[in-house]
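Working notes for the structure below.
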Amino acid sequence: MHCTQIISPKTIDISIEVGYHFQKALPSKMWQGDHTIMKKVVKFGGSSLASAKQFKKVGEIIRADKSRRFVVPSAPGKRNDRDEKVTDMLYACYDAASEGRSYKKILEKIRGRYDEIIEGLGLNLNLDHEFAGMEENFLAKAGKDYAASRGEYLNGIVMAHYLGYEFIDAAEVIFFDEQGNFEAELTNRELSERLSHVERAVIPGFYGSRPDGSVKTFSRGGSDVTGSIVARAVHADLYENWTDVSGFLVADPRIVDNPEVIETITYRELRELSYMGASVLHEDAIFPVRKEGIPINIRNTNRPEDRGTLIVETTCRRPLHTITGVAGKKGFCAINIEKAMMNTEVGFGRKVLSVFEQSGISFEHMPSGIDTMTIFVHQSEFEDHEQSVIAGIHRAVSPDVVELESDLALVAVVGRGMRANQGTAGRVFSALAHARVNVKMIDQGSSEWNIIIGVKNDDFEKAIRAIYDIFVLADL
Ligand code: ASP
């Protein structure tokens, strides 16, 4: 891949900071060779803050780099496989309290989680007042969102105390409208203004407030979104998202043994792989930082020496392999429609799709031939509407044949490097043939950085392994 980049003398190599070699231009007044002037937003997930031991690791990470100025914590997560997340306990506690069932035990358990952290860190902090207010609000039915948000709120207080950073309640700076839609621009303005006067702060993740002051949360895992919003508001140089894995993996570790970590991935590639089930980051966390061109670095709190995955808008960095990642999902159904001279019939596709629309079914892929058209849908969504959709298609376009094929899986081979390499599709299909996987459908995006392949559910794992082997193992 060839890439021309004009690098002015006033550039720094932020690889020193993030372990990556890419250049980022800085305004001249910032060029003093002093890295403390950089701004990083660091978000820590629940498993990174599940105990005092984990908090200490987080403290070390933050103190190791002065530019880690804005911290977004999640609620304490699981300490082991049998443990419960504080957020889940809060939902359960609220349900019990608001329905008049006994809730004291679970509330005590929640309190115990925080006290254990506070004691383990040796902090002089008492949450009596916070818990009393919380209990009162639970009984007054302050709402599920309020209840769930307390996990982050309390962890934010503990974290701010531990670090000596200012605590900023997210309800004061993150806004939703009456309907509960996130108010991106209003939030950005207010948060920017508030944080411009603050050197270092902790802003709890996951929630904000409606115009009437009531608390509203993002969907589960939403602290990732808060981190991204804060990064945008402070024009951060980097958004570090600390979790319990060392980044995005090239393939699902439940299918491939010890898959490689992806070093650098673009937002588009990430979107494609996340859609196909590879999940490390909340989907909505991409938009705020993408607007500002701020990279996200996924890091592992338990292995801070690992460089993790860098997510960028675009990059000159040559990918390690031709593909960036391979992911997929099972449980699709294909509806094949055949009609002679279909290609000459204006409006054919629209009429077919409107049948699906009327049944409230969204389609996933739509490969077509000269006289054939295939619609891929989620089998679970489609099953209940199957016969009415088939009847609708008959009425709408009088096809010669309509056939269903169920129990299919889609596999996405994704990579910006595919465009520059010849024979990628050939390698994919010879690997699949070699593994005796029957390919049911091929759909290559015109941008040439993804190929979607339909296979039988039973062949799914075999297909993923074959593709990983040919592009990653054979490449090493
Ligand atoms: N604590 C919330 C959850 O469990 C939000 C988050 O962790 O990001 O979903």
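This structure is a prediction, so every number in the text was calculated from the model and none was measured. Order of appearance sets the numbers: ligands from 1, and atoms from 1 within every ligand.
Classification of Asp459 and Lys462 as a salt-bridged pair holds, one side-chain N sitting under 4.0 Å from a carboxylate O.
Phe167 has its ring centre less than 6.0 Å from the ring centre of Tyr153.
Considering backbone and side-chain N/O of Glu152, one or more are found under 3.5 Å from N/O of ligand 1. Residue Asp224 has no N or O atom closer than 3.5 Å to an N or O atom of ligand 1. At under 3.5 Å, not a single nitrogen or oxygen of Phe206, backbone or side chain, sits near a nitrogen or oxygen of ligand 1.
Only the side chain of Lys85 comes within 4.0 Å of ligand 1, counting heavy atoms alone; its backbone N, CA, C and O stay farther away. Under 4.0 Å from ligand 1, the heavy atoms of Ser74 that appear belong solely to its side chain.
Residue contacts with ligand 1: Gly205 is excluded, as none of its non-hydrogen atoms falls under 4.0 Å. Heavy atoms of Gly151 come nearer than 4.0 angstrom to ligand 1 in no pair at all.
Considering only non-hydrogen protein atoms, atom 6 (C) of ligand 1 sits nearest to Ser223 OG, 3.4 Å. The shortest contact between atom 4 (O) of ligand 1 and any protein heavy atom is with Arg220 NH2, 2.9 Å.
Summarising the local packing, CG of Asn258 is surrounded by 12 or fewer heavy atoms from other residues, nucleotides or ligands at distances under 6.0 Å. Enclosure of atom CG in Asp81 is not indicated, since only 12 or fewer non-hydrogen atoms of other residues, nucleotides or ligands lie within 6.0 angstrom. Counting non-hydrogen atoms of other residues, nucleotides and ligands closer than 6.0 Å to NE2 of His197 gives a total above 12.
Between Tyr94 and Phe138, the angle of the ring planes goes over 60°, which puts this pair in the perpendicular group of the 30/60° scheme.
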Checking salt bridge (Lys or Arg N to Asp or Glu O under 4.0 Å) for the pair Asp145/Lys216: CA distance, chi angles, key distance, verdict? CA-CA 5 Å; Asp145 281 12; Lys216 166 88 183 98; 3.8 Å; yes
